[in-house]
Visitor: 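Mind having a look at this structure? Questions to follow.
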Amino acid sequence: DAGVTQSPTHLIKTRGQQVTLRCSPISGHKSVSWYQQVLGQGPQFIFQYYEKEERGRGNFPDRFSARQFPNYSSELNVNALLLGDSALYLCASSAGWGNQPQHFGDGTRLSIL
Amino acid sequence: AQSVTQLGSHVSVSEGALVLLRCNYSSSVPPYLFWYVQYPNQGLQLLLKYTSAATLVKGINGFEAEFKKSETSFHLTKPSAHMSDAAEYFCAVRRNAGGTSYGKLTFGQGTILTVHP
């Protein structure tokens, strides 16, 4: 079975631009979470969606937004990019809302010039 | 609020030696605890999880961890290191009750494990 897939794998943008990152969860998984991992640090929670509803939001500015589609795939949007947004963006899926482990994709490496 | 502290950003061992990676947590409610491994240019792979069942948890690749409530610790061990264990390891905590951001994982800063031949 396919794992969590993220696209694109790498992306280069300039300050002020907007970016959309995509995630397809493991088949049958209904929950998707997004994390930002800055170089040398642990991942930081951005959003969690379950059954197309936002179930949690981390301490990120409103420039960050996300949504989940009927097929449970998800997009993360970041507007007005800053140099500090350069990071590895990880998507994780889980079967449900409760005590299920999260399975991570390989991430999208976003570089801001 | 929950937090995780990983003691030692870098740990170096010889092949065949004991691996010990330290993790202490802070949580106002009983937590779920996890260890993940990250290889270069890859995502996170779940090694093991503690979800309030047995305090000694066995995971993949020969790793295990013991939940010690009195010490608020969840250290990761492996009796004999292998070259393929070289990677970055993250300890993470999650609330074990519902509510907003129930599924949120809070990660430590990570420990890079180097294995020498």
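So that the names make sense, note that chain A is the first sequence line, chain B the second, and so on, each numbered from 1.
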Visitor: Less than 4.5 Å to any heavy atom of chain A: does that hold for the side chain of B:Tyr39, its backbone, both, or neither?
Guide: neither
Visitor: How about A:Pro43 and B:Leu105: do any of their side-chain heavy atoms sit closer than 4.5 Å?
Guide: no
Visitor: When you look at NZ of B:Lys58, are more than 12 heavy atoms from neighbouring residues, nucleotides or ligands closer to it than 6.0 Å?
Guide: no
Visitor: Are A:Val4 and A:Tyr49 linked, directly or through other ILVMFWY residues, by side chains that come within less than 4.5 angstrom of each other?
Guide: no
Visitor: With the side chain counted from C-beta on, respond yes when A:Phe47 and B:Lys104 share a heavy-atom pair under 4.5 Å apart, and no when they do not.
Guide: no
Visitor: Counting neighbours of CG on B:Asn41 that are heavy atoms of other residues, nucleotides or ligands and sit closer than 6.0 Å, is the number greater than 12?
Guide: no
Visitor: After noting the C-alpha distance and the side-chain angles of B:Gln38 and A:Gln37, does the key distance pass the side chain to side chain contact (heavy atoms under 4.5 Å, CB included) rule?
Guide: CA-CA 12 Å; B:Gln38 186 175 36; A:Gln37 186 179 18; 3.0 Å; yes
Visitor: Using a 6.0 Å cut-off, check whether atom CG of A:Leu39 has over 12 heavy atoms from anything other than its own residue.
Guide: no
Visitor: Can you confirm whether A:Arg63 is buried at CZ, in the sense that more than 12 heavy atoms of other residues, nucleotides or ligands lie under 6.0 Å from that atom?
Guide: yes
Visitor: Give a yes or no on whether the backbone of B:Gly43 and the side-chain of A:Asp106 come within a donor-acceptor separation of less than 3.5 Å.
Guide: yes
Visitor: Using side chain to side chain contact (heavy atoms under 4.5 Å, CB included) as the criterion, point out the one residue from B:Thr51, B:Leu48, B:Leu46 that pairs with A:Pro101.
Guide: B:Leu46
Visitor: Could you tell me whether A:Asp62 atom CG has more than 12 heavy atoms of other residues or ligands within 6.0 Å of it?
Guide: no
Visitor: With a 4.5 Å cut-off on heavy-atom pairs, point out which of A:Gln44, A:Glu54, A:Arg109, A:Gln102 contacts chain B the most.
Guide: A:Gln102
Visitor: Can you find a pair of side-chain heavy atoms, one from B:Phe107 and one from A:Phe45, that are under 4.5 Å apart?
Guide: no
